[in-house]
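See below for the structure under consideration.
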Amino acid sequence: MPVLLSDDDIEREIGEKVRALRLQRNLDQATVAEQSGISVRALRNLEKGAGSTLRTLLVVMRALGREHWFESMAPVATINPLSLPRKSAQRQRATATSVKQAQEASRKLTFLAKRRAAIK
């Protein structure tokens, strides 16, 4: 069973990922904060997981060039099941002819199987 993380753990984990991304891009907090239009303290709080807003996360991810990250959280469905046609396969009914054909095919297979067994 998967372990459920607390809100604090999730916030801290996201902050660590943002910090790692910033460091990977070799940017300091002041530069990213300036590009994002937020204070250095707001960025520091985001990276520490110490209470931040969704807006702060959005502008920082945009400044780091990762706005597409949010698309992976909830991919858009490409097929709407409500728009699919409601055509069911036409029901096939057994007819006397189809039943006779099936019985005849079964008899032929049985006959051939017995002949093969007799030859061996």
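Between atom CG of residue L46 and atom CZ of residue R41 there is a gap of 14.0 Å, rounded to the nearest 0.5 Å. Going from atom CG of L21 over to atom CD of E16 covers 13.5 Å, rounded to the nearest 0.5 Å.
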N/O donor to acceptor pairs below 3.5 angstrom from side-chain atoms of residues 101-111, sequence neighbours left out:
from, atom 1, to, atom 2, distance (Å)
E104, OE1, R107, NH1, 3.1
T110, OG1, S106, O, 2.9

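In this structure, L43 and A33 approach most closely via the heavy-atom pair CD2-N, 4.0 Å. Residues G51 and N45 approach most closely at O-CB, 3.7 Å, considering heavy atoms. Summarising the geometry of A30 relative to V40, their closest heavy-atom pair is CA-CG2, 3.9 Å, with the distance given to 0.1 Å.
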If you apply the rule side chain to side chain contact (heavy atoms under 4.5 Å, CB included), what do you find for R25 with R66, and how did you get there?
CA-CA 11 Å; R25 300 248 198 283; R66 293 296 298 258; 3.5 Å; yes
Pair R44, Q29 - check side chain to side chain contact (heavy atoms under 4.5 Å, CB included), show working.
CA-CA 7 Å; R44 192 176 303 132; Q29 286 181 332; 3.8 Å; yes
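The side chain to side chain contact (heavy atoms under 4.5 Å, CB included) test applied to K17 returns E13, not counting sequence neighbours. Taking the side chain to side chain donor-acceptor pair (under 3.5 Å) definition, one finds that T56 meets it with T53, sequence neighbours left out.
Other residues, nucleotides and ligands contribute at most 12 non-hydrogen atoms within 6.0 Å of the CZ atom of R55. Counting heavy atoms of neighbouring residues, nucleotides and ligands inside a 6.0 Å radius, atom CD of Q35 exceeds 12 of them.
Note on V32 and L23: separate hydrophobic clusters, where clusters join Ile, Leu, Val, Met, Phe, Trp and Tyr whose side-chain heavy atoms are under 4.5 Å apart, directly or indirectly.
Using a 4.0 Å cut-off between a side-chain N of Lys or Arg and a carboxylate O of Asp or Glu, R22 and E47 qualify as a salt bridge.
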